[in-house]
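Keep in mind that what you see is a predicted model, and the values were worked out from it rather than measured. Whatever order the structure lists ligands and atoms in, that order sets their numbers, starting from 1.
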Amino acid sequence: MGILLIGGKVVTAVDTYYADVRIESDKIGSIGSDLGKINDEIIDAHGCYIIPGGIDTHTHFDLNVGTTITTDDFESGTKAAIVGGTTTIIDYATQSKGESLKEALHAQHEKSAGVCYCDYGFHMGITDWNDEVALEMEEMIKEGVTSFKLYMAYKGNLQVDDGVILKALKKSRETKTLICFHCENGDVIDELINEAKIKNHTTTYYHAKTRPVEAEREAITRLLNFSQIMDTQVYIVHLSSREGLLSILDAKKRGVKVFVETCPQYLLLNDSCYGEEKSDSFEGAKFVISPPLRKDYDQEALWKGISQGEITTIGSDHCSFNYKGQKDIGINDFTKIPNGAPGVENRMGLIYTYGVVSGKISINEMVAITSTNAAKTFGMFPQKGTIAVGSDADIVVWDPNFKSYITAVNQTQKVDYNAFEGFEQRGRVLHEFLRGNKLISNGELVEKEPFGKYVFRKINK
Ligand code: URP
Ligand code: ZN
Ligand code: ZN
């Protein structure tokens, strides 16, 4: 017995056409017409888009940041992903000082095994470089980890120096792996924070002031010079600014191979969220993320970057802390506010509403940036990221006619606010399948047991 989706409009990154889709076991078995077989379950998809399940390239579930732990663990975070139309996430395993990559990966598997509602993979964050780690980069490939992450910010904690970046880039060229970079100059930020402290500038307004666009642009420019010198490709996470994008475009003209991720928050929210300079409101803490929110012209530049194909992927950078009880660790000192905001649940709906419905991008471009490009960039294509015969039946039947408002009151992600509170959303997940298993039916989560699988990612040759 199969499942037959009839009458929908199939959308891939490159095509839009009416066709029926038959799910056979965990794969897409056939696409066309008159595909039904005896005992097939028929699902009416008339008036809906049939799109590949979303792939979120950037989440932080069950992350301990020293002073506290994210509210969403792998169970609640992946459930929220499914509710929002995302069937695969790539989270970060991060090496602690003195730890091997293998140990860090093992710890992440311990946290995630058996509790994920969607499929999942890991990038490996490297914070303590040495010769063994260099060798381990190769070993990670056998574990299905083909991408890494280095931080150019968070001085004294996650930040690595230029020497490490260069060595790691060399290794990534040799191993054909990809390194993701958090691009902000941590030394600049450290100085600006010291200055702010001396002046007793403690409110959330100064979070953005101490992490200026120039710190992002400088890190991006430096990284892309290194990438050129080492002749290897790189991936920039959570790009937030026009200046950063201009630096990327400049490097691309020189032949630098760079993949770029941005996030809905940088496309839709601006730095007014941090409040006025003299205000003592703490609301801005909800938006204390790094890089910080920017200006409207940054948003416009990023949307343009998407429509011109310069931005590869949309990740949520979901990293959830409650406003009450966690964000308020920094009530008297913005530097102590745990960095991060939720968003895994809203990523697809926001891009559909403010990208596709508002006419900024086509539905094919939405599929490309929310799913296909991620699968291609991170070694999962064509298993994931498309609607094609033989691909995993990770399918979202997207009803474009539904209208709702985003609110924390009815969200699945386990956190006491939503950064997009009150935003209108068009469209919703009507039905959803993960490897052929129906998870959402008529807008309701019907699968109660988590059965997400770890995805062994490949090297892109
Ligand atoms: O503020 C953020 N983005 N927190 C998560 C960690 C990171 O830098 O990606
Ligand atoms: Zn980051
Ligand atoms: Zn992040």
Checklist entry - If you measure from the Lys or Arg side-chain nitrogens to the Asp or Glu carboxylate oxygens, is any gap between Asp394 and Lys384 under 4.0 Å? => result yes

Item to check | Short side-chain donor-acceptor distance under 3.5 Å, His238 and His182 | outcome: yes

Next on the checklist: Any atom of ligand 1 sitting under 4.0 Å from a heavy atom of Lys149?
Outcome noted: yes

Checklist entry - Which residues and atoms, protein N, O or S only, are under 2.8 Å from the Zn ion (ligand 2)? => result His182 ND1, His238 NE2

Next on the checklist: I need the nearest protein heavy-atom contact for atom 4 (N) of ligand 1: residue, atom name and distance, please.
Outcome noted: Asn339 O, 3.4 Å

Item to check | Nearest-0.5 Å distance, CD1 of residue Ile369 to CG of residue Asn373 | outcome: 8.0 Å

Next on the checklist: I'd like to know: is the Zn ion (ligand 3) within the 2.8 Å range of an N/O/S atom from Cys319, strictly under that distance?
Outcome noted: no

Next on the checklist: Just to confirm my output: which protein heavy-atom neighbour is closest to atom 6 (C) of ligand 1, and how far is it?
Outcome noted: His60 NE2, 3.6 Å

Next on the checklist: Could you check whether any heavy atom of Tyr154 sits closer than 4.0 Å to an atom of ligand 1, since that is the contact criterion I want to use?
Outcome noted: yes

Checklist entry - By number and element, which atoms of ligand 1 are closer than 4.0 Å to a non-hydrogen atom of His58? => result 9 (O)

Item to check | Results of side chain to side chain contact (heavy atoms under 4.5 Å, CB included) for Ser241 - residues two or more places apart only | outcome: Val213, Glu216, Glu243, Arg294, Asp298

Checklist entry - Is it the case that Gln95 and Asp128 place a side-chain donor and acceptor less than 3.5 Å from each other? => result no

Checklist entry - Should Tyr151 be counted as touching ligand 1, given the test is an N or O pair under 3.5 Å? => result no

Item to check | Nearest-option assignment for atom 3 (N) of ligand 1, heavy atoms, candidates Ile289, Asp317, Thr59 | outcome: Asp317

Item to check | For Gly340, the ligand 1 atoms whose distance to one of its heavy atoms is below 4.0 Å | outcome: 1 (O), 2 (C), 4 (N)

